[in-house]
Trainee: 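Pasting a structure here, questions to come.
For clarity, every value in this text was computed on a predicted model and none was experimentally measured. In this chain, numbering begins with 1 at the start of the sequence shown.
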Amino acid sequence: DLIILDINVFDNKGMALLKEIKCDQPGLPVIVLTERLSQESTNYAKQELSCEIIEKPINPDCFLEVATRMMVRTPVRIPSALRKKKSEIF
C-alpha cells in the first residue's frame, strides 16, 4: 500500500488529512505532492510523519524512484485469514 496525497487539496486541509492517516496507519508510506509547503511543514511531514515530499511539477523519474524506495521499505502485510499457525506449517 502507498498513499499519494496532494497536500493542497480539500481547501488546504491536506495536512490535517495527512495527520489523520498517519495516526490511524503509522506505518503506511505516504508521498506528499505539493506546489508550495512551508519549510516548517516540510520538516514536520518528513521528520514527524515519515513522509516523502515531491514538489510540483513532478519529475516522473524522481517520482518512480521515491515510490519504489518507499514500497521496498514497507513490510508485506499478510491478512490474518491467510496466516498459518506454526503447527500447520510443520
Trainee: Is the number of heavy atoms from other residues, nucleotides or ligands under 6.0 Å of Glu65 CD greater than 12?
Mentor: yes
Trainee: Could you tell me the separation between the CG atom of Asp24 and the NZ atom of Lys19, rounded to the nearest 0.5 Å?
Mentor: 14.5 Å
Trainee: Step by step, would you call Asn8 with Thr34 a side chain to side chain donor-acceptor pair (under 3.5 Å)?
Mentor: CA-CA 6 Å; Asn8 298 318; Thr34 184; 3.3 Å; yes
Trainee: Report the C-alpha distance between Ile54 and Val66 in whole Å, list the side-chain angles of each, state the deciding distance to 0.1 Å, and finish with yes or no for side-chain contact (heavy atoms from CB on, under 4.5 Å).
Mentor: CA-CA 9 Å; Ile54 298 180; Val66 170; 4.1 Å; yes
Trainee: A side-chain contact here means heavy atoms from C-beta on lying under 4.5 Å apart; do Glu48 and Lys22 qualify?
Mentor: no
Trainee: With side chains defined as the heavy atoms from C-beta onward, is the minimum distance between Leu17 and Leu5 less than 4.5 Å?
Mentor: yes
Trainee: Drop me the distance from Leu18's CG to Ser41's OG, to the nearest 0.5 angstrom.
Mentor: 10.0 Å
Trainee: Check whether any side-chain heavy atom of Ile3 sits under 4.5 Å from a side-chain heavy atom of Asp1, and report yes or no.
Mentor: no
Trainee: Can you find a heavy atom in the side chain of Leu33 that is under 4.5 Å from one in the side chain of Ile4?
Mentor: yes
Trainee: CG of Leu64 to CG of Asn59: how many Å apart, nearest 0.5 Å?
Mentor: 9.0 Å
Trainee: Is the shortest side-chain heavy-atom distance between Met70 and Glu52 below 4.5 Å?
Mentor: yes
Trainee: Carefully, step by step, assess Lys56 and Asp6 under the rule side-chain contact (heavy atoms from CB on, under 4.5 Å).
Mentor: CA-CA 10 Å; Lys56 295 177 186 177; Asp6 187 334; 2.3 Å; yes
Trainee: Please report the C-alpha distance between Cys51 and Ile31 in whole Å, then the side-chain angles of each, then the deciding distance to 0.1 Å, and finally whether the side-chain contact (heavy atoms from CB on, under 4.5 Å) criterion is met.
Mentor: CA-CA 6 Å; Cys51 298; Ile31 296 176; over 6 Å; no
Trainee: Any side-chain heavy atom of Lys46 sitting closer than 4.5 Å to one from Val32?
Mentor: no
